[in-house]
4 protein chains.
Amino acid sequence: MEKRAVKSMVKDEKLIETRRSQIIKSAVTLFKEKGFHRTTTREIAKEAGFSIGTLYEYIREKEDILYLVSDFIYDQFRVRMEEEASSNLKSLDLLHLVISSYFKLVDDKQDEMLVMYQEAKSLSKKSLPYVLKKELQLCAIFEKILTRCVEEGHFALSEKEIKAAAHNILVFGQMWAFRRWALRSIYTIEEYTNIQMEFIMKGISKNNK
Amino acid sequence: MEKRAVKSMVKDEKLIETRRSQIIKSAVTLFKEKGFHRTTTREIAKEAGFSIGTLYEYIREKEDILYLVSDFIYDQFRVRMEEEASSNLKSLDLLHLVISSYFKLVDDKQDEMLVMYQEAKSLSKKSLPYVLKKELQLCAIFEKILTRCVEEGHFALSEKEIKAAAHNILVFGQMWAFRRWALRSIYTIEEYTNIQMEFIMKGISKNNK
Amino acid sequence: MEKRAVKSMVKDEKLIETRRSQIIKSAVTLFKEKGFHRTTTREIAKEAGFSIGTLYEYIREKEDILYLVSDFIYDQFRVRMEEEASSNLKSLDLLHLVISSYFKLVDDKQDEMLVMYQEAKSLSKKSLPYVLKKELQLCAIFEKILTRCVEEGHFALSEKEIKAAAHNILVFGQMWAFRRWALRSIYTIEEYTNIQMEFIMKGISKNNK
Amino acid sequence: MEKRAVKSMVKDEKLIETRRSQIIKSAVTLFKEKGFHRTTTREIAKEAGFSIGTLYEYIREKEDILYLVSDFIYDQFRVRMEEEASSNLKSLDLLHLVISSYFKLVDDKQDEMLVMYQEAKSLSKKSLPYVLKKELQLCAIFEKILTRCVEEGHFALSEKEIKAAAHNILVFGQMWAFRRWALRSIYTIEEYTNIQMEFIMKGISKNNK
DNA sequence: TATGAATGAGACTTCATTCAT
DNA sequence: CATGAATGAAGTCTCATTCAT
């Protein structure tokens, strides 16, 4: 199974989906502001426009909400990036494209990113593996493109170097969210993208050294 | 002032120092395990070996503990890295040295790092600026060395590129802690250091592109 | 606004009223016995027959209870006295009537009076003005009657003397509660009323001196 | 015994007296400001200029301080008033003199008065009788003078009326302290004294009615 | 299904009092 | 006699979760 099941008292699957997306939306708004621990379930229900009782019809415990949120955000990212990654471009161009649209996405979803990276550690042992797996899926997108680049001779990277590069790209995106307190006063997202893009491309380049 | 004052009811400065380092030690142990929010002040006091009353003789509120912990960890890093950074080496060698000892340090203090990066967001508006400043001080260490390298003609980097590079180096270190769930199964710290070192050095290198 | 708002988490206004009067009743009982400061919120909840959590659904903080109690007691007095004060009597008879029924009321609500006068000083800056205003409303009832008496030529009192007389009457009532340790062993309430009534009537009389 | 014994660990009686008057002075200052319950023993010790440990060498428990304070204030009043009461004047003049100097004293010691009347109810069962007795002693001063006045034919008052009058006088003084929130904006102490003096004198006068 | 009042464990924090130095 | 660090009981308040309606 790709997703961890979150038990609901309600049968109507459609309704579950509707309610849960309301929950997620409200939760993101609030977590952004005050973090997971300082947000109460009551607040989430209120923000979502229904009662605390109703909230608990769609989740079993507070932690479920954090999982739903994380899951949702990751899916958003994955879907968008897989879309880009399926473009019919030459591998090197694709790499550029996906990196820069990833950065753009991060800038767009800055708050969501922040929530995810700051609250992920609050996930229970039960949920964490699911979320980490999603992170690896994002990683895999870059790995695949990088592998193609290597296969097509653009770079000469070992397996491990490819993995490292993929992680690095991902983290460079996350940085823009979690270090925004420092970065935003120095760079626009375009500048940041350019500088990091060059850093990455040189960092995985062949010759040199 | 470099540090935020944390009020204590006790007068004996020596004792304050002793007790506070006991508090810090215990807090790190517990935060590591359960995070700041899930750790109770009672647990911290107990772990430190004294009563809850005594704990509150040395701090004013729970958040003080998080500040003390952050402050302590940053100081540890800064001191160690400033030591390294004052080595009498040629700039390029110094860069290598400081980066690799920084990575070693991160590996060593993995738990502390994790605590710091995961709980920093729980710091109050009051404490946060002090902690962010400390992060920038670490950043500055790398900036200085990079600037020297540029001045000595090893790289051709703009001001903004230097800053980006410094942040990147710092984050590559932090990654080892906060992505250890993925990285540790792929790399040893030495491998990780080598790969990232190469990535960095190429990333800031002159030619190529 | 005449009353300070006390926030409740509960929406049902009827229920709020019910619960709050339970709270007030319990609080009076306990404050009587041990005073505001020595009474715990837990005890109040228990006495009221619900849990501490429920108590806090109807108040925001302990001090709210004291305010509710004061407010309630004052209202009781005001309502009863305004009723009497609207009797269709000649002014002088009305004065006698209202004074003696006020004394009777004080005797009746001895405990409540005591609580109010002993704990009022524990009211926060936030609540105090509201309660003092209520005290002045009681005062005003006597002032009005006295003014009519003066207008009808029964007494010759200046504005300031009227105010003093009103305060004196009020305090003579309160005395019966807060000096009961001394007075009850000397007088019955009827005796006390008679003696003080004469004292008052002579005290504000015309001739003499 | 006139006074309740307050146990001390220290033998030197002189020292006990010195320290206790320091304690009383500090306590009055603080009680004035925040009341007995909100004042901590630590604060009292600090205000008095010695350590909490030392404080507890001279008292057994916090409540002792309240007793000492009450006892001290009453003594002040009694001493001053007995002085006045022993003047060689005709009874009626003496009554005027003692009443007006009592009112003056009350105005002078407004804060102490307030403390006493507001915190007395916090006295334990153990101390209360002693303090009430002191209040009765003050009462007795007026009773004695009034009795003389009656004996000398100035008024025609029964035993019970004398007692009531004495209580009334006392309470009129206290009022100036505990209703100062209302009275001070209407009267100066001289006005207040004059108005109440007339009220009292008429209130106990013979003829009329 | 939806509601929201009720619950109570448990969190943080204070402070009177003790006792070794 | 003086000190002040240590103690821990007890207080206020919060909030996730339940359940009758």
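Because the structure is predicted, anything quoted here is derived from the model rather than measured. Every chain is numbered from 1, with letters handed out A, B, ... down the list of sequences.
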Checking contacts here: which listed nucleotide ([options]) is nearest the side-chain heavy atoms of [X]?
X      : options                  : answer
Y56(B) : dT14(E), dA5(E), dT17(F) : dT14(E)
T41(C) : dA6(E), dT7(E), dT12(F)  : dT12(F)
V10(A) : dA2(E), dG4(F), dT1(E)   : dT1(E)
E57(D) : dA16(E), dT17(F), dT3(F) : dT3(F)
T40(A) : dA5(F), dA16(F), dA5(E)  : dA16(F)
L15(D) : dA6(F), dA2(E), dA2(F)   : dA2(F)

Looking across every strand, which nucleic acid part, if any, lies under 4.0 Å from [X] by heavy atom: base, sugar-phosphate, or nothing?
X      : result
T18(B) : nothing
R38(A) : nothing
S8(C)  : nothing
R19(A) : sugar-phosphate
M9(C)  : sugar-phosphate
K46(C) : nothing

About how many Å separate [atom2] of [Y] and [atom1] of [X], when rounded to the nearest 0.5 Å?
X       : Y       : atom1 : atom2 : value
L128(B) : L66(B)  : CG    : CG    : 10.0 Å
K32(D)  : L114(D) : NZ    : CG    : 10.0 Å
K121(D) : K121(C) : NZ    : NZ    : 3.0 Å

| request: Would you indicate, yes or no, if dT3(F) has its OP1 or OP2 atom less than 4.0 angstrom from a side-chain nitrogen or oxygen of T54(D)? | output: yes
| field | R42(A) vs dT14(F): side-chain N/O to OP1/OP2 distance below 4.0 Å | value | no
| said: Between F36(B) and G49(A), which residue's closest nucleotide on DNA chain E lies nearer the 5′ terminus? | reply: G49(A)
Rounded to whole angstrom units, what separation is found between the [atom1] atom of [X] and the [atom2] atom of [N]?
X      : N       : atom1 : atom2 : answer
H37(A) : dG10(E) : NE2   : P     : 16 Å
Q22(B) : dA5(F)  : CD    : C1'   : 13 Å
D64(C) : dC13(F) : CG    : C1'   : 12 Å
I52(D) : dT21(E) : CD1   : P     : 20 Å
K11(A) : dA2(E)  : NZ    : P     : 13 Å
I59(B) : dT13(E) : CD1   : C1'   : 9 Å
F50(C) : dG8(E)  : CZ    : P     : 13 Å
I65(A) : dA16(F) : CD1   : P     : 9 Å

| Considering all heavy atoms, the nearest E47(C)-S26(C) contact | CG-CB, 3.3 Å
| field | Base paired to dA20(F) (Watson-Crick or G-U; both N/O distances under 3.5 angstrom) | value | dT3(E)
| Strand partner of dT14(F), provided both Watson-Crick or wobble distances fall under 3.5 Å | dA9(E)
| query | Around atom CD of E17(D), are there more than 12 heavy atoms of other residues, nucleotides or ligands at under 6.0 Å? | reply | no
| message | If you assign each of K62(A) and Y58(D) to its closest nucleotide in DNA chain F, which residue comes earlier from the 5' end? | response | Y58(D)
| field | Charged tip of K62(B) within 45° of F36(B) ring normal and under 6.0 Å | value | yes
